[in-house]
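Each chain gets a letter, A, B and so on, in the order the sequences are listed, and its residues count up from 1. Any value given below was found using the heavy atoms of this structure, including those in side chains, with hydrogens, waters and symmetry copies removed. This one's a predicted model, so the numbers in the text were calculated from it and none came from an experiment.
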2 protein chains.
Amino acid sequence: MKKLLREHFEKIIALTDSEFDYIYDHFVFKKIIKHQFLIQQGDRVHNEYFVVKGCLKSYMIDSDDKAHILQFALPDWWVSDYQALNNGSPSTLYLDSVDGAEILSITMENKDKLCAEMHKVEHFFRKKTNWGYVALQQRILSLLNSNAKDRYEQLLKQYPALFKTVPKQLLASYLGVTRETLSRLYTPAK
Amino acid sequence: MKKLLREHFEKIIALTDSEFDYIYDHFVFKKIIKHQFLIQQGDRVHNEYFVVKGCLKSYMIDSDDKAHILQFALPDWWVSDYQALNNGSPSTLYLDSVDGAEILSITMENKDKLCAEMHKVEHFFRKKTNWGYVALQQRILSLLNSNAKDRYEQLLKQYPALFKTVPKQLLASYLGVTRETLSRLYTPAK
DNA sequence: AAAATAATTTGATATAGATCACATATATTT
DNA sequence: AAATATATGTGATCTATATCAAATTATTTT
């Protein structure tokens, strides 16, 4: 998993062995089991997580106790409650795994430290966040202009890996439909 | 408007006069009139825009000729088609002003150059994008968990400035409802 | 200030998707 | 392998929002 993280950085910046080792020392490896929370609503958030294995999900629970999934995080992705992380406010989200996972965790202090010490690490994260920003814009547009069926098909096309791991009711929650409606989408005959 | 940009940077990083002048030299000032496009679907995109005055809107037109507004950009905000900008692909968006505007435009080459030359400028943009990312996450959650009325009220609360400038049909398009439905929301009596 | 254009409101009706209530699979745990 | 828990599917009905069609009301332009 050291290799996975290194390759991840090296998609954007070049690193010597010692540079990467230095970066890597700021991370902590962790295995989490099913139903183990990395973040719960109300928590103070200090860490960002890089997924090595498995699949995490971040979600909110609304006033009707319905869950809404903000993000799935597969290997090679970053996840946290960025709002809580950025301004030190209590988390509004839950973060746990779909089915157990392995992660590399870094504190925001360490991330900022690495960014300050190594210009190219700051560059890496600027580019990363920028791509993340574009991905969120795409998701907003698909919520605005597509119906449930089209959104499901777009998701299936873009992230086929999700369909191996993730129960359909969670996909429904990510897409913004009920599980009943999702179930009816792929039995279109009538 | 030089002042506005400087204050904008100095919310996150400190700059000497000469540093700021150097940065500022990479921008081009532009006035745009109503109905003048900064980006049209199919264009190659080379610039990012900082709004000085007025209000810009970025939007897509779907296959039924309906517009969906991705973003409003008020003074002190950045806007472009970031997907097209990042990977050199043709734009899928339109970008124009609600009612005339003044902007500072910077090419992506110049932005990258400034980021490479000045670590703190890279830091500035990392932080900026990070906040933008959080704002988009909030918007996704509000699309997933709120009905049209609540989304309208959240918007009204968060960006009261929009209601002075922007016709309600454009707000409807941003919120993901029709103008007819929006019109009925604030006449709730029945 | 008339004329033209753009924005908003209102009514009647249609529809995608939600909700509620079970039935049926499919996994997990004992 | 039972027993329990979890996930999925189906029917009947309800509801928020869309759609289509006009009528008003504002805002520009001549």
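Ranked by how close their nearest DNA chain D nucleotide is to the 5' end, A:K34 and B:K34 are led by A:K34. Across the interface with DNA chain C, nearest-nucleotide mapping of A:R179 and A:G176 shows A:G176 to be the residue nearer the 5′ end. Residues A:H35 and B:A148 each lie close to DNA chain D; by heavy-atom proximity, the contact nearer the 5' end of the strand is made by A:H35.
A distance below 6.0 Å separates the ring centres of A:F124 and A:F9.
What separates CG of B:D150 from P of D:dT17 is a distance of 9 Å, to the nearest Å. Residue A:Q169 contributes atom CD, which lies 12 Å from atom C1' of D:dA5 at whole-angstrom precision. Look at CG on A:D62: it is 13 Å from P on C:dA18, rounded to the nearest Å. One atom, NZ of B:K149, and another, P of D:dT15, lie 17 Å apart when rounded to the nearest Å. Remark: C1' of C:dT19 and CG of A:D65 are 16 Å apart, rounded to the nearest angstrom. Following rounding to the nearest Å, B:R151 (CZ) and D:dT17 (P) show an atom-to-atom distance of 7 Å. Distance CG (B:L185) to P (C:dT10): 13 Å, rounded to an integer number of Å. Across the protein-nucleic acid pair, A:L182 atom CG and C:dA18 atom P stand 10 Å apart, rounded to whole Å.
With D:dT19, C:dT8, C:dA18 as the choices, the nucleotide that has an atom nearest any side-chain atom of A:V177 turns out to be C:dA18. Of the candidate nucleotides C:dT8, C:dT19, D:dT17, C:dT19 has the atom nearest to the side chain of A:R184. Considering only side-chain atoms of A:T181, the nucleotide from D:dA7, D:dT17, C:dG17 that sits closest is C:dG17. The side chain of A:K66 approaches C:dT19 more closely than any other nucleotide in the set C:dT19, D:dA7, D:dA18. Here the nucleotide nearest the side chain of A:N147, chosen from D:dG9, C:dA16, C:dT8, is C:dA16. Listed nucleotides: C:dC20, C:dA7, D:dT8. Nearest to the side chain of A:E180: C:dC20.
Looking at A:Q36, A:Q40, A:H35, A:K57 one by one, the single match for side chain to side chain donor-acceptor pair (under 3.5 Å) with A:D96 turns out to be A:K57.
Between A:H119 and B:H119, the two ring planes are parallel [angle under 30°; tilted spans 30° to 60°]. Below 30°, between 30° and 60°, or above 60°: for B:F163 and B:Y152 the angle between ring planes is above 60°, a perpendicular geometry.
Neither side chain, B:D43 nor B:S91, offers a donor N or O lying under 3.5 Å from an acceptor on the other.
At least one side-chain nitrogen or oxygen of B:T178 sits closer than 4.0 Å to the OP1 or OP2 atom of D:dA18. A:S183 has a side-chain polar atom (N or O) that falls below the 4.0 Å cut-off from OP1 or OP2 of D:dG9.
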